[in-house]
Participant: 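What follows is a structure written as structure tokens; I'll ask about it next.
Order of listing sets the numbers, starting from 1, for every ligand and every atom in it. We use all heavy atoms of the structure for the numbers below, so side chains are in, but hydrogens, waters and symmetry mates are not.
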Amino acid sequence: MTSFKTLDDLEDGQRVLVRLDLNSPVEDGEVQDNRRFDRHAETVRELAERDFRVVLLAHQGRPGRDTFVSLEQHADILSEHVGRPVQFVPDTFGDDALAAIDDLDGGDVLLLENTRMCDEELPEEDPETKAETEFVETLAPVFDGYVNDAYSAAHRSHASLVGFALALPAHAGRVMETEYEANTAIAEREFDGEVTMVVGGTKATDVIDVMTALEDKVDTFLLGGIAGELFLRADGVPVGRDIEGMDLFDDQWEANEETIRGLIDDYGDQIRLALDLAFEAEGGERAEIEVGDVAEKDRAFLDVGSNTVSEYAATIEESEAVFVKGALGLFEDERFADGTVGVLEAIAGTDCFSVVGGGDTSRAIEMYGMEESDFGHVSIAGGAYIRALTGERLVGVEVLRE
Ligand SMILES: Nc1ncnc2c1ncn2[C@@H]1O[C@H](COP(=O)(O)OP(=O)(O)O)[C@@H](O)[C@H]1O
Ligand SMILES: O=C(OP(=O)(O)O)[C@H](O)COP(=O)(O)O
């Protein structure tokens with residue numbers, strides 16, 4: 001990451017403003033611990049150990065949603081991960097925030113209130129405009145430097161993500177560095193051997209965008225999940241029952257059909273579809289059917305079948321690099337986890353370069369007892385990961401470039 005200043009370029013003991021992404025699931029008002037805390041703790045711990053006065057900015061939820069809550073609980077959770085106290089002040093840039101910042105000693109860590117509670121944070125405007133907000137103009141002068149560690153939010157042109165980067169010497173945090181390198185690898189790196197991409201999940205437009213952008217970079221796409229069913233249907237297999245709250249096979253089908261057919265016609269040799277599928281039998285147990293035997297108006301399919309898993313695993317074992325976007329089945333239900341777990345275990349069992357992304361999919365790694373260390377990189381980004389895969393530049397990363 002040579003075109004960015006990193007923590008290595010900061011002089012110890014300064015006062016630094018650090019943007020993290022602690023955006024988390026919230027259940028009944030309770031913020032849920034997750035991998036974002038653990039990853040960012042590394043950056044925070046390093047700065048505190050180097051005697052910086054560390055002030056943290058982060059957001060939670062969006063105004064109007066149940067997940068839009070204070071960061072008070074985040075401070076406690078982060079403190080557990082960092083292994084030292086994380087103070088909290090319920091203010092973003094007012095007198096209370098400034099007084100709390102002023103009170104800090106070297107090695108102290110303070111989290112300010114949810115940046116999205118500040119009116120100037122959210123409207124998406126260019127970095128120059130954001131740098132001129134009262135939020136940035138008030139806080140920036142009390143710091144020596146700005147660190148952005150929030151790769152997973154770097155696609156948003158919000159004040160705390162782009163404004164401070166223009167107002168202060170800007171540096172990439174450790175999470176920013178590793179996420180950037182891994183997530184841009186497919187767009188930026190040349191691999192000598194086969195490059196394989198596992199594509200699944202439920203987000204049809206993401207899948208179409210990624211496949212369209214990466215046709216030249218990827219040798220084989222292994223499809224599963226709802227996304228795979230869209231391709232099977234376009235290929236003439238009568239599958240496609242929508243899951244609750246989605247209408248991919250109904251209203252949206254027409255909008256996507258032509259694009260998917262076009263991808264199959266142009267790049268059919270690179271695209272591998274499921275050979276068999278799994279469903280819930282009458283007794284509730286998992287059952288499988290060959291794709292060729294699926295009849296019109298058949299049931300909902302919840303996973304790829306075992307022949308597909310074996311085939312996909314064999315391709316992965318011969319690959320030099322494997323990227324994962326989306327799950328191959330409803331892995332949250334153990335009966336339908338074989339596809340997702342099968343390909344992840346195949347990746348973990350090889351020494352290929354690998355990146356697993358997408359919030360839901362990477363959760364399968366811990367759910368089924370796999371070790372993150374068996375993968376090249378497990379991303380904590382969702383939207384930013386997709387954008388990186390399609391070669392889009394992230395505004396929050398761009399403003400860090402020297
Ligand atoms: N056949 C299927 N039926 C129902 N849900 C599925 C199926 N295949 C995959 N899924 C669901 O897709 C989700 C992941 O999809 P998506 O949100 O697109 O991926 P990510 O968040 O990892 O980017 C998982 O929670 C999984 O349960
Ligand atoms: O969690 C995030 O995005 P993600 O769910 O796409 O990973 C980021 O914190 C960005 O949040 P936002 O999509 O509300 O701007």
Participant: Is any NZ, NE, NH1 or NH2 atom of the basic residue among R189 and E181 found under 4.0 Å from an Asp or Glu carboxylate oxygen of the other?
Facilitator: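 Salt bridge between R189 and E181, a charged N being under 4.0 Å from a carboxylate O: no.
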Participant: Which of the listed options, H158, E124, R62, holds the heavy atom that is closest to atom 12 (P) of ligand 2?
Facilitator: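 Minimum heavy-atom distance to atom 12 (P) of ligand 2 goes to R62.
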Participant: Short list, please: which atoms of ligand 1 are under 4.0 Å from a heavy atom of L302?
Facilitator: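 Numbered from 1, ligand 1 contributes 1 (N), 3 (N).
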Participant: Measure the distance from atom 22 (O) of ligand 1 to every protein heavy atom, then report the residue, atom name and distance (to 0.1 Å) of the closest one.
Facilitator: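 So the nearest neighbour among protein heavy atoms is T361 OG1, 2.4 Å.
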Participant: If you measure from each non-hydrogen atom of F301 to ligand 1, which part falls under 4.0 Å: side chain, backbone, both or neither?
Facilitator: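 It is the backbone that touches ligand 1; the side chain stays farther off.
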Participant: Among all protein non-hydrogen atoms, which one is nearest to atom 5 (N) of ligand 1, and what is the separation to 0.1 Å?
Facilitator: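 The closest heavy atom on the protein side is L330 CD1, 3.7 Å.
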Participant: Answer with yes or no whether the side chains of N148 and H171 bring together a donor and an acceptor at under 3.5 Å.
Facilitator: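 The answer is no; no qualifying pair exists.
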Participant: To which protein heavy atom is atom 15 (O) of ligand 2 closest, and what is the distance rounded to 0.1 Å?
Facilitator: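 Scanning the protein heavy atoms, the shortest distance from atom 15 (O) of ligand 2 goes to R156 NE, 2.6 Å.
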Participant: Identify the protein heavy atom lying closest to atom 15 (O) of ligand 1, giving its residue, its atom name and the separation to 0.1 Å.
Facilitator: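 For atom 15 (O) of ligand 1, the nearest protein heavy atom is G201 CA, 3.2 Å.
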Participant: In terms of ring plane angle, is the pair H74 and F37 parallel, tilted or perpendicular, where the classes change at 30° and 60°?
Facilitator: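 Ring orientation of H74 relative to F37: tilted.
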Participant: Starting from atom 3 (N) of ligand 1, which protein heavy atom do you reach first, and at what distance in Å?
Facilitator: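 For atom 3 (N) of ligand 1, the nearest protein heavy atom comes out as I226 CD1, 3.6 Å.
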Participant: Just checking, is any N or O donor in the side chain of T115 or E121 under 3.5 Å from an acceptor N or O on the other one?
Facilitator: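 T115 vs E121: donor-acceptor pair found between side chains.
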Participant: Would you say ligand 1 has an N or O under 3.5 Å from any N or O of E332?
Facilitator: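 Yes; the residue has a nitrogen or oxygen that sits under 3.5 Å from a nitrogen or oxygen of the ligand.
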Participant: Please confirm whether I380 comes within less than 3.5 Å of ligand 2 when only nitrogen or oxygen atoms on both sides are compared.
Facilitator: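 No, no N or O pair falls under 3.5 Å.
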Participant: Give a yes-or-no answer on whether the side chains of S79 and R84 include a donor-acceptor pair shorter than 3.5 Å.
Facilitator: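 Per modelled atom types, S79 and R84 side chains form no pair under 3.5 Å.
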Participant: Examine ligand 1 and decide if any of its atoms is less than 4.0 Å from a heavy atom belonging to A327.
Facilitator: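 The answer is yes, since A327 has a heavy atom less than 4.0 Å from ligand 1.
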Participant: With heavy atoms under 4.0 Å as the rule, classify the contact between R116 and ligand 2 as side chain, backbone, both or neither.
Facilitator: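 R116 to ligand 2: side-chain contact only, backbone stays beyond 4.0 Å.
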Participant: Atom 18 (O) of ligand 1: which protein heavy atom is closest, and how many Å away?
Facilitator: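 Answer, as residue, atom name and distance: T202 N, 3.0 Å.
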Participant: Does ligand 2 have an atom that lies less than 4.0 angstrom from a heavy atom of R36?
Facilitator: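 The answer is yes: ligand 2 sits under 4.0 Å from a heavy atom of R36.
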Participant: Check R261 with E258, please: is the shortest side-chain N to carboxylate O separation under 4.0 Å?
Facilitator: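 Between R261 and E258 there is no salt bridge, as every charged N stays at least 4.0 Å from the carboxylate O atoms.
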Participant: Can you tell me if S152 and E179 form a side-chain donor-acceptor pair at under 3.5 Å?
Facilitator: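 Note: S152 and E179 side chains miss the donor-acceptor criterion.
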Participant: Note the single closest protein heavy atom to atom 8 (C) of ligand 2, along with its residue, its atom name and the distance in Å.
Facilitator: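 Here the nearest protein heavy atom works out to D21 OD2, 3.3 Å.
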Participant: Any Lys/Arg nitrogen of R335 or D303 sitting under 4.0 Å from an Asp/Glu carboxylate oxygen of the other?
Facilitator: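 Salt bridge between R335 and D303, a charged N being under 4.0 Å from a carboxylate O: no.
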Participant: I want to confirm something. Looking only at heavy atoms, which of R363, K203, K325 is nearest to atom 23 (O) of ligand 1?
Facilitator: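 Comparing heavy atoms across R363, K203, K325, the nearest one to atom 23 (O) of ligand 1 lies in K325.
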Participant: Parallel under 30°, tilted from 30 to 60°, perpendicular over 60°: which one fits the rings of F323 and F353?
Facilitator: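 Because their plane-to-plane angle lies in the 30° to 60° range, the rings of F323 and F353 count as tilted.
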Participant: Do any N/O atoms on A381 end up under 3.5 angstrom from N/O atoms on ligand 2?
Facilitator: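 In this structure, A381 places no N or O atom under 3.5 Å from an N or O of ligand 2.
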Participant: Name the closest protein heavy atom to atom 10 (C) of ligand 2, giving the residue it belongs to and the distance to 0.1 Å.
Facilitator: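 Here the nearest protein heavy atom works out to H59 NE2, 3.9 Å.
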Participant: Of all the atoms in ligand 1, which lie at a distance below 4.0 Å from a heavy atom belonging to E229?
Facilitator: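 Here the atoms of ligand 1 in question are 1 (N).
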Participant: Kindly state if atom 5 (O) of ligand 2 has a protein heavy atom within a strict 4.0 Å cut-off, that is, under 4.0 Å?
Facilitator: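 No, there is no protein heavy atom closer to it than 4.0 Å.
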Participant: Would you mind running through ligand 2 and noting each atom that sits below 4.0 Å from a heavy atom of G383?
Facilitator: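 Listed by number with element: 4 (P), 6 (O), 7 (O).
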Participant: Can a cation-pi geometry be assigned to R299 and F279, taking NZ or CZ under 6.0 Å from the six-membered ring centre and within 45° of the ring axis?
Facilitator: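 Geometry flag: set, cation within 6.0 Å and 45°.
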Participant: Measure up the F135 and F164 rings against each other and bin them: parallel (under 30°), tilted (30 to 60°), perpendicular (over 60°).
Facilitator: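 Ring orientation of F135 relative to F164: perpendicular.
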Participant: Is it the case that Q60 and T67 place a side-chain donor and acceptor less than 3.5 Å from each other?
Facilitator: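 There is no such pair between these side chains.
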